[in-house]
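What follows is a single structure, written as structure tokens, with notes after it.
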Number of protein chains: 2
Amino acid sequence: MANPSVETVPQGAGDANSRRDRPPTIRDVAELAGVATSTVSRALSRPDRVNPRTRVRIEEAAAELNYIPSSQARGLSSGRTNAVAVLVPDITNPFYFDIIRGTQHQLKAAGVTQLLVDTEESSEMELDALHKMRKSADGFILAASRLTDAQLTEVSQTQPLVTFNRASTSAPTVMIDTPSAIIQALEHLASLGHHKVCYVAGPPTSWSNQMRWKVFEEDATKRGMEVHRIGPYAPKTTSGAAAADAAVRTGATACIVFNDLLAIGMLQRLQARGIRVPADMSIIGSDDIFGADFCNPPLTTISSPIEQAGRVAVSMLLAQLNPLPGSTTRKLAVMPTHLTVRESTGPAPA
Amino acid sequence: MANPSVETVPQGAGDANSRRDRPPTIRDVAELAGVATSTVSRALSRPDRVNPRTRVRIEEAAAELNYIPSSQARGLSSGRTNAVAVLVPDITNPFYFDIIRGTQHQLKAAGVTQLLVDTEESSEMELDALHKMRKSADGFILAASRLTDAQLTEVSQTQPLVTFNRASTSAPTVMIDTPSAIIQALEHLASLGHHKVCYVAGPPTSWSNQMRWKVFEEDATKRGMEVHRIGPYAPKTTSGAAAADAAVRTGATACIVFNDLLAIGMLQRLQARGIRVPADMSIIGSDDIFGADFCNPPLTTISSPIEQAGRVAVSMLLAQLNPLPGSTTRKLAVMPTHLTVRESTGPAPA
DNA sequence: CAATTTTTGGCAACCGCTTGCCGCAAGCTT
DNA sequence: AAGCTTGCGGCAAGCGGTTGCCAAAAATTG
């Protein structure tokens with residue numbers, strides 16, 4: 001600093017600023033750096049808009065004061081909240097934990113706050129959250145949305161969002177490659193000699209449930225299998241008992257189950273009833289959630305990179321929020337799936 | 001309203017307000033109701049501060065416009081954000097999922113937003129989050145804080161917080177009754193004839209880990225048991241293998257493990273090595289997380305109402321934020337624990 | 001060296017809401 | 001009836017930033 005005038009900023013408050021009780025504001029920084037607040041603001045958000053020298057000075061001042069801009073105030077004037085809301089149908093479900101983990105991770109990396117919302121499997125709550133939070137979030141990630149196509153379309157026109165595991169023509173989507181997964185699972189079952197298969201259905205409003213059933217039916221029929229369907233069941237372990245009993249009653253030798261939670265519940269019930277898995281019945285779950293590897297028997301399941309899906313969803317949303325000139329925003333990401341064969345599947349009983 | 005002058009507010013925009021593109025602000029509501037914005041503000045936040053008649057009028061106007069106050073703006077002027085941050089060491093750990101679920105639930109009921117932060121088991125990140133978010137959250141819930149006593153004390157002077165599973169003299173705390181739990185577990189083991197017991201330790205910085213060990217050592221010694229200790233291990237299933245091997249090597253016939261994650265990992269390893277649980281070795285976990293009931297064998301574990309603990313933590317924090325005149329704020333809540341005996345514990349080998 | 005362009009930083013008007021203070025009108029006292 | 005509370009609503013000053021606009025300073029040009 002060769003220029004002494006720089007040091008001679010008007011210091012009305014003497015050293016009072018070194019230890020004020022309130023958190024420092026942009027004004028404190030401005031004063032300390034001897035510039036206007038607008039300059040501080042610019043130095044911090046659009047660094048190339050100010051002279052490198054002043055920028056450094058401001059940065060130093062900010063660092064010295066331990067200044068952190070108020071996201072509130074920033075949001076007020078800029079209209080951006082720097083937060084995105086993640087809506088999940090059921091925060092209790094480990095499947096969503098995985099996705100939350102993914103979004104959380106990626107959001108954090110981007111310096112964006114995650115607002116977590118449990119919509120309790122209800123489209124009303126979902127819509128309500130979407131509405132109430134339109135001001136407090138820059139965008140939304142809808143995991144397994146329960147909204148109708150029309151609702152989804154309407155909402156997506158008002159606010160930036162990306163859906164996860166819910167096809168949509170109106171909004172960017174990241175999906176799990178369910179069709180492929182179901183086909184892999186049926187192939188596995190077929191190779192083990194199963195002829196009578198049963199789909200254990202989840203929530204009727206779940207798009208992925210519908211999708212799974214559709215592909216299941218098509219492909220199993222094509223293979224000449226006897227196809228059954230039971231359900232719907234709530235995607236919880238506690239629903240597993242009913243599902244297991246119903247499954248046994250169909251006479252099927254193998255089940256593909258809507259998700260792991262339900263599958264694990266079935267496992268427990270089957271064991272309690274003395275029905276051996278996989279000797280008497282094979283079970284295939286879906287999602288490969290926490291626990292699928294250590295339940296008894298370990299569950300054969302459709303694995304998908306859920307956490308990664310969460311990250312991708314965030315990336316897509318962020319890309320939508322800050323459109324980069326060159327790149328066009330991706331409208332669809334399909335996450336690959338594979339069958340993780342563990343011990344809940346085996347040869348069809350003779 | 002007999003006074004016509006009230007109705008005769010300047011209406012520059014005619015009926016343009018019925019369908020503006022931007023979300024309605026408090027001004028729109030004020031205009032529609034024919035009052036000042038301050039009155040709207042009060043009608044909405046301190047209803048008894050305005051005349052019931054005007055309040056109704058304002059409420060109607062607000063409803064008609066579908067008005068939702070901007071939490072940003074509200075926060076800016078009132079200094080409150082209506083959000084609380086929940087810091088957990090590892091969002092990946094099902095244990096914290098339970099507590100998150102509890103806090104989320106209770107916070108939602110209070111109309112407060114939950115800000116979830118993963119501190120990655122690092123006290124620096126924890127401190128950093130505490131600092132960075134001091135403006136964006138009204139209070140903090142520190143789950144299993146990694147902070148030192150001094151840090152905790154200092155922080156708790158600046159911002160409202162409650163700690164969970166981390167004793168603190170400076171901040172309100174909700175704790176799991178670990179001592180009792182460990183004693184119950186040892187009692188259980190003793191009654192099964194075990195004499196050589198081993199504590200499998202978790203993160204050294206974890207207060208509850210230290211606590212558990214302390215009580216374990218005291219009580220086991222008092223019972224004349226041979227006590228071992230191994231660890232520390234990261235509280236993840238993947239650390240279970242090393243822990244299991246080390247445990248076997250101690251010659252102990254029963255282990256009390258820092259948490260279920262680690263215990264389940266040990267179960268897997270022991271099974272892989274052909275060591276039967278509980279015939280050859282008994283295992284007791286802690287927390288009763290998701291999965292503890294369906295792992296193989298189902299895990300005997302220390303159950304505690306974690307989700308409820310989350311709710312209590314929120315209540316205590318909220319009480320601290322809006323002190324009710326009459327009531328004194330509770331400084332400590334201890335959640336009861338009990339031993340859930342499943343199949344991973346059995347008689348000591350002969 | 002004057003004229004012109006580009007940088008750089010300041011001014012000030014918000015963003016949407018809260019709140020201290022004030023004044024008016026109505027209700028009570030005596 | 002005059003004097004005092006009390007209840008209700010408006011005014012206006014912020015809260016802590018951002019940003020369009022403008023002018024001074026610096027760099028470029030002929």
Side-chain angles (χ1 to χ4, degrees), chain A residues 3 5-6 9-10 20 22-59 61-62 65-82 134-136 138, chain B residues 1-3 5-10 17 20 22-58 61-62 65-82 134-136 138:
Chain A
N3 185 348
S5 75
V6 169
V9 278
R20 31 160 43 80
R22 313 174 304 92
T25 74
I26 200 175
R27 256 173 279 274
D28 300 319
V29 178
E31 190 174 323
L32 183 60
V35 296
T37 62
S38 49
T39 308
V40 175
S41 173
R42 282 192 282 256
L44 266 31
S45 40
R46 251 182 320 298
D48 45 325
R49 181 62 179 68
V50 306
N51 187 304
R53 274 215 293 291
T54 36
R55 171 156 54 86
V56 168
R57 200 143 43 87
I58 289 170
E59 278 164 356
L65 292 177
N66 225 315
Y67 168 71
I68 291 170
S70 148
S71 49
Q72 305 247 42
R74 191 190 291 246
L76 222 212
S77 46
S78 69
R80 310 202 43 172
T81 63
N82 230 349
R134 59 168 197 252
K135 291 247 215 47
S136 31
D138 292 336
Chain B
M1 282 296 130
N3 186 345
S5 76
V6 169
E7 318 275 9
T8 325
V9 279
N17 59 0
R20 26 162 45 77
R22 314 174 305 93
T25 75
I26 200 173
R27 253 176 281 275
D28 301 319
V29 178
E31 191 173 322
L32 183 59
V35 296
T37 62
S38 47
T39 307
V40 175
S41 173
R42 282 193 280 258
L44 266 30
S45 42
R46 249 183 317 300
D48 45 325
R49 181 66 177 68
V50 306
N51 186 302
R53 275 216 293 290
T54 33
R55 171 157 53 88
V56 168
R57 199 143 45 87
I58 288 170
L65 292 177
N66 225 316
Y67 168 72
I68 290 172
S70 147
S71 49
Q72 304 247 42
R74 189 189 291 244
L76 223 211
S77 48
S78 69
R80 311 204 39 173
T81 62
N82 231 349
R134 60 170 195 251
K135 292 250 214 44
S136 31
D138 293 336

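Just so it is clear: chains get the letters A, B, ... in the order the sequence lines come, proteins before strands, and each one is counted from 1.
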query = Which residues satisfy the side chain to side chain donor-acceptor pair (under 3.5 Å) test with A:R27, sequence neighbours excluded?
reply = none
message = The criterion is side chain to side chain donor-acceptor pair (under 3.5 Å); which residues satisfy it with B:D138, sequence neighbours excluded?
response = B:T81
task = Name the closest nucleotide to the B:V50 side chain, picking from C:dT18, D:dG10, D:dG9.
result = D:dG9
ask   = Among D:dG9, C:dT8, D:dG16, which is the nearest nucleotide to the side chain of A:R27?
value = D:dG16
query = To the nearest 0.5 Å, how far apart are CD1 in B:I26 and CG in B:L65?
reply = 12.0 Å
inquiry  = How long is the straight-line distance from OG of B:S136 back to CG of B:N82, given to the nearest 0.5 Å?
reply    = 13.0 Å
message = Which residues pass the side-chain contact (heavy atoms from CB on, under 4.5 Å) test with B:S77, not counting sequence neighbours?
response = none
inquiry  = I'd like to check the side-chain contact (heavy atoms from CB on, under 4.5 Å) partners of A:S70; sequence neighbours left out, ordered by chain and number.
reply    = A:Q72, A:A73, B:K135
Relative orientation of the end axes in the helix from C:dC1-D:dG30 to C:dT30-D:dA1, expressed as an angle to the nearest 10° (five pairs per end) = 30°
Using whole Å, what does the distance between atom [atom2] of nucleotide [N] and atom [atom1] of [X] come to?
X: B:I58; N: D:dG10; atom1: CD1; atom2: C1'; answer: 12 Å
X: B:L44; N: D:dC8; atom1: CG; atom2: C1'; answer: 16 Å
X: A:R80; N: C:dG16; atom1: CZ; atom2: C1'; answer: 19 Å
X: B:R57; N: D:dG9; atom1: CZ; atom2: C1'; answer: 11 Å
X: B:D138; N: C:dT18; atom1: CG; atom2: P; answer: 14 Å
X: A:L76; N: C:dA13; atom1: CG; atom2: P; answer: 18 Å
X: B:N82; N: C:dG16; atom1: CG; atom2: P; answer: 19 Å
X: A:R55; N: C:dT8; atom1: CZ; atom2: P; answer: 10 Å

task = For residues B:L32 and B:V29, determine if any side-chain heavy atom of one lies less than 4.5 Å from a side-chain heavy atom of the other.
result = no
Identify all pairs in which a protein N or O lies below 3.5 Å from an N or O of nucleotides 19-21 of chain D, and state each distance.
unit_1	atom_1	unit_2	atom_2	d
D:dG20	O6	A:R42	NH1	3.3

query = Can you name the salt bridge (charged side-chain N to carboxylate O under 4.0 Å, His left out) partners of B:R74, sequence neighbours left out?
reply = none
note = The answer to which of A:D48 and B:R74 contacts DNA chain C further toward the 5' end, by nearest nucleotide, is A:D48
Donor-acceptor contacts, no H, no angles, side chain residues 37-50 of chain A, under 3.5 Å, sequence neighbours left out:
unit_1	atom_1	unit_2	atom_2	d
A:S45	OG	A:S41	O	2.7

query = Base, sugar-phosphate alone, or nothing: which one does A:A73 contact when heavy atoms must sit under 4.0 Å apart?
reply = base
